[in-house]
Peer 1: 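Handing you a structure now.
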Protein chains: 2
Amino acid sequence: MTRRITIADIATAAGVSKGAVSYALNGRPGVSETTRAKILAIAAEMGFVPNRAARSLSVSTAQTVGIALRRTARTIGVEPYFMELISGIESTLSAGSFGLTLQIVGTLEEELEVYRRWWAERRVDGVFLCDIGTGDQRLDFIADLGLPAVAVGGPIDGARFPAVWHDDVAPCRDILEYLYTLGHRRVARVAGIPGLLHTAIRDRAYTETAAGLHFTSVATVHSDYTGEQGAQITRRLLSSSKRPTAIVYDNDVMAVAGLGVAHELGLAIPEQLSIVAWDDSPLCRLTHPALTSLTRDIPAYGSTCADALLTLIGADKDTDPPGTEARTFSLQCMPGQLSPRGSTGPAQA
Amino acid sequence: MTRRITIADIATAAGVSKGAVSYALNGRPGVSETTRAKILAIAAEMGFVPNRAARSLSVSTAQTVGIALRRTARTIGVEPYFMELISGIESTLSAGSFGLTLQIVGTLEEELEVYRRWWAERRVDGVFLCDIGTGDQRLDFIADLGLPAVAVGGPIDGARFPAVWHDDVAPCRDILEYLYTLGHRRVARVAGIPGLLHTAIRDRAYTETAAGLHFTSVATVHSDYTGEQGAQITRRLLSSSKRPTAIVYDNDVMAVAGLGVAHELGLAIPEQLSIVAWDDSPLCRLTHPALTSLTRDIPAYGSTCADALLTLIGADKDTDPPGTEARTFSLQCMPGQLSPRGSTGPAQA
DNA sequence: GGTGGCAGGCGAACCGGTTCAGCCGCGTCC
DNA sequence: GGACGCGGCTGAACCGGTTCGCCTGCCACC
């Protein structure tokens, strides 16, 4: 348990004042190049690492951002989405030597409380908002607090801070047109949680696209994203008198569950039923047949979100309220691409 | 953007000194009950939340623990294990108002560097060590550093800090005996990463248990835990001349992949092949047939690990080096239970 | 009534950085 | 030769808590 060395140790070792050491280490003017070099050498030799708390206290910056997830232990585990997102966020953050603080919460109230506490404690410099809902209460709350934030999802009308999102409209069209071309006329969609923004966006995109084609029916059933519900809904859909020849799922977990149900019912895939998944985690390639899915690069998405948050925080520090318009920018990522695999095929005559 | 209020604000509002406020807020003696009540009331009214950096700086405690994961973005996402573990850890931490800092690293060197930095920055009060390997270099490194840590896995010979683990020996026996009873004599196991401690433990447990029964063959093939390798190995196993009638997988992702391969090869499950998975995430119940698996409560496991780390940190603070023997305790969790499902059945004659 | 003990509270130092006013020495310019 | 400017560095204040020594006033006791 070696003692941690402080800036004062370096100062005495170098025969200069604490202030000079601080200037030297932070690359600021105020010391000559020769003394700077000497100080840096001594610091490196002694293995100096600044104490975060002390720095945070002076500059009142935490060098940390936070993410609060409002999902249960079980559902958060199966969704590869979150870990991939976090992983992408992390890669950008650690490049900028920022830390990530994670908190899992149960309710909206808890989540808001976490933000308030983080803000009051100066524990984080900014946060990511996941699972953006339609009319999300968190948006105004966070904005009122003055806590820098980036919405992981969008677009958001009249947003008071940046949002990063994928265009979901084009992929919805791609999927429907693809299925239409394969001859499917009776299509069902197992959608995600109804309150979520992207669910609403996809709902609308499907409806509008379907209107332009000549489907017999395009039904949407909402779910909670869990495999259980995915299976249950699929079972219901497939046992109806006029069952669909293709089902589109809003995530990969439900698609896998749906495939399981189809197997259970003895349906041949893709001959008797085509399956499309949204979000192409490795999961989609583990099944047989492999799932046709909408591929998005979630880690890259996370990176982009982190970039947005870091620039927002940086901007906050440099420019002042005049630069407000710069904060509300939104960033659109490349839309997902459809990756056809074995789970989709021509509709049976 | 309301101003954050400080202890000094409360002091002036209450007409006392900063010191008195500190005593009052921390429930320490030094103030009368009446002034304490007054101070608490004022603090609550003003919505006071202490600045973490300032507190950390004085008491040199971060109220935060860290976890570094050394996996790639893709593989970390599919493994429900990690998120479930983190979720469990979180639930205990937030109850003790501790934060969790997460970092994803690429190499061992990076991971060690992260620990060193966290320690030097006083950024965390302790860490969790995941994916414990045989002869893990991190153990001595962390112990030498004097950074409190809990090993998520074990048991570890001559450990210098606590380890929390599940007994893997009994489950291995349970699985083999179960398969034996079903009439399987030719069993294969797709094991995890060879360097990991629990892989070694299971390797040995299988070998020893198998020796006591009368199997024709019990082969073990090691993998990297990914679905790709799981599929590849399964394909090889099933296309060999003397193919196994049952395959045991060391995680759920590979088991799902194996099931996919079996489907692909047209094998009826469980008639022609029985499949057993380790770690019963919801994934195991999504497939058809559902996977027989070894159920462990991973969130509870995470909670236990967090408890161990918190008591270790607490103990560190209260007692001194004399209490060293208390640090090296190990904690064994309830072993996993076998949950038979549709993927296992009697061996074909 | 003088004294000791003690609860209650004050003021200042401290944690380890950052930052700013100010000082010193040197070169430059008028 | 004196005023000025400026690079280089020091010393001290400051961030917002915690903690410790010490002072005060009150009560009990001899």
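Convention: sequence-line order gives letters A, B, ...; per-chain numbering from 1.
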Peer 1: Is the shortest heavy-atom distance from the side chain of B:I132 to the side chain of B:W165 under 4.5 Å?
Peer 2: no
Peer 1: Please state how far atom CZ in B:R4 lies from atom C1' in D:dG16, giving the value in whole angstrom units.
Peer 2: 13 Å
Peer 1: Is the distance from OP1 or OP2 of C:dG16 to the nearest side-chain N or O of A:R55 less than 4.0 Å?
Peer 2: no
Peer 1: Would you mind reading off the distance between A:R122 atom CZ and D:dG16 atom C1', rounded to a whole angstrom?
Peer 2: 9 Å
Peer 1: What is the separation between atom CD1 on B:I7 and atom C1' on C:dC15, rounded to the nearest whole Å?
Peer 2: 15 Å
Peer 1: Please report, rounded to the nearest Å, how far the P atom of C:dT19 is from the CG atom of A:L25.
Peer 2: 13 Å
Peer 1: Any side-chain N or O of B:N51 below 4.0 angstrom from OP1/OP2 of D:dC15?
Peer 2: no
Peer 1: Which atoms of nucleotides 9-13 of chain C (N or O only) lie under 3.5 Å from a protein N or O atom, and what are those distances?
Peer 2:
residue : atom : partner : partner atom : Å
C:dG9   : OP2  : B:S32   : N            : 2.8
C:dG9   : OP2  : B:S32   : OG           : 3.4
C:dG9   : OP2  : B:T35   : OG1          : 2.8
C:dG9   : N7   : B:G30   : O            : 3.4
C:dC10  : OP2  : B:S17   : N            : 2.9
C:dC10  : OP2  : B:S17   : OG           : 3.2

Peer 1: In this structure, how many angstroms lie between the C1' atom of C:dT18 and the CD atom of A:Q63, rounded?
Peer 2: 14 Å
Peer 1: When you measure from the side-chain N and O atoms of B:R28 to the phosphate of D:dT19, is any distance below 4.0 Å, counting only OP1 and OP2?
Peer 2: yes
Peer 1: Check B:R160 with B:D140, please: is the shortest side-chain N to carboxylate O separation under 4.0 Å?
Peer 2: yes
Peer 1: How many whole angstroms separate atom CD1 of A:I39 from atom P of D:dC9?
Peer 2: 8 Å
Peer 1: Under 4.0 Å, heavy atoms only, any strand: does A:S22 hit a base, just the sugar-phosphate, or nothing?
Peer 2: base
Peer 1: Side chain of A:S58, base of C:dG17: donor and acceptor closer than 3.5 Å?
Peer 2: yes
Peer 1: Does A:Q137 have more than 12 heavy atoms from other residues, nucleotides or ligands lying within 6.0 Å of its CD?
Peer 2: no
Peer 1: Whole Å only: how far is the CG atom of B:D9 from the C1' atom of D:dC15?
Peer 2: 13 Å
Peer 1: Less than 4.0 angstrom between a side-chain N/O of A:R52 and OP1 or OP2 of C:dG17, yes or no?
Peer 2: no
Peer 1: Output yes when B:R4 and A:E121 qualify as a salt bridge under the 4.0 Å nitrogen-oxygen rule, no when they do not.
Peer 2: no
